[in-house]
**Student:** 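Structure below; questions to follow.
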Amino acid sequence: MLALVCTLVFAAAATFAVGAVFVTMQGRKGQITALLAEYRSLERDREFLVHVTSHEAEAPRAFAAPQLRRTPRRPFKQKDAVRSARSRRAAA
């Protein structure tokens with residue numbers, strides 16, 4: 001008998017909770033619609049920005065802009081590697 005009463009109380013509480021959620025959603029329908037519209041607007045803005053920035057033309061280099069220079073390096077030779085290995089062994 002006690003189990004039946006507890007089951008009925010639990011079912012009544014669940015029904016009340018579902019009803020409260022439904023009434024709240026009906027009262028806030030305008031706010032929910034506005035939030036969804038704002039989300040869609042932000043998504044369209046994001047897509048537009050991606051579209052605009054992905055098709056950007058490369059800017060020409062200014063005449064006064066410094067050119068990048070690489071310092072010339074001497075080619076690495078096998079005998080240099082052997083010499084450095086010997087010096088490391090001697091230091092150890």
Side-chain angles (χ1 to χ4, degrees):
M1 184 71 175
L2 182 62
L4 183 62
V5 171
C6 290
T7 302
L8 290 176
V9 168
F10 183 76
T15 305
F16 178 75
V18 169
V21 168
F22 182 73
V23 169
T24 303
M25 295 291 275
Q26 288 297 321
R28 304 286 184 182
K29 188 186 283 187
Q31 290 176 338
I32 293 170
T33 305
L35 282 174
L36 289 174
E38 183 179 357
Y39 173 76
R40 290 185 192 115
S41 172
L42 288 173
E43 189 173 338
R44 282 192 304 267
D45 289 346
R46 210 175 301 122
E47 289 173 1
F48 173 73
L49 288 174
V50 167
H51 176 73
V52 167
T53 57
S54 64
H55 297 295
E56 180 180 332
E58 193 169 320
R61 205 180 176 109
F63 180 72
Q67 299 290 325
L68 296 176
R69 294 183 185 174
R70 294 191 70 172
T71 56
R73 293 182 156 185
R74 64 186 181 98
F76 187 75
K77 297 179 182 168
Q78 186 64 26
K79 61 182 177 181
D80 293 338
V82 172
R83 190 180 324 144
S84 67
R86 284 186 192 150
S87 64
R88 277 191 237 125
R89 273 188 254 141

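As the structure is a prediction and not an experimental result, all values here were calculated from the model.
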**Student:** Same cluster for Phe22 and Ile32 if Ile/Leu/Val/Met/Phe/Trp/Tyr side chains link at under 4.5 Å?
**Tutor:**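 Shared cluster, no.
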
**Student:** Spell out, as yes or no, whether a donor-acceptor pair under 3.5 Å connects the side chain of Thr7 to the backbone of Ala3.
**Tutor:** yes

**Student:** Please check if atom CD in Glu43 has more than 12 non-hydrogen atoms from other residues, nucleotides or ligands closer than 6.0 Å.
**Tutor:** yes

**Student:** Mind checking whether Met25 and Leu36 sit in one hydrophobic cluster, side chains of I, L, V, M, F, W, Y counted as touching below 4.5 Å?
**Tutor:**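 Yes, Met25 and Leu36 fall within the same hydrophobic cluster.
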
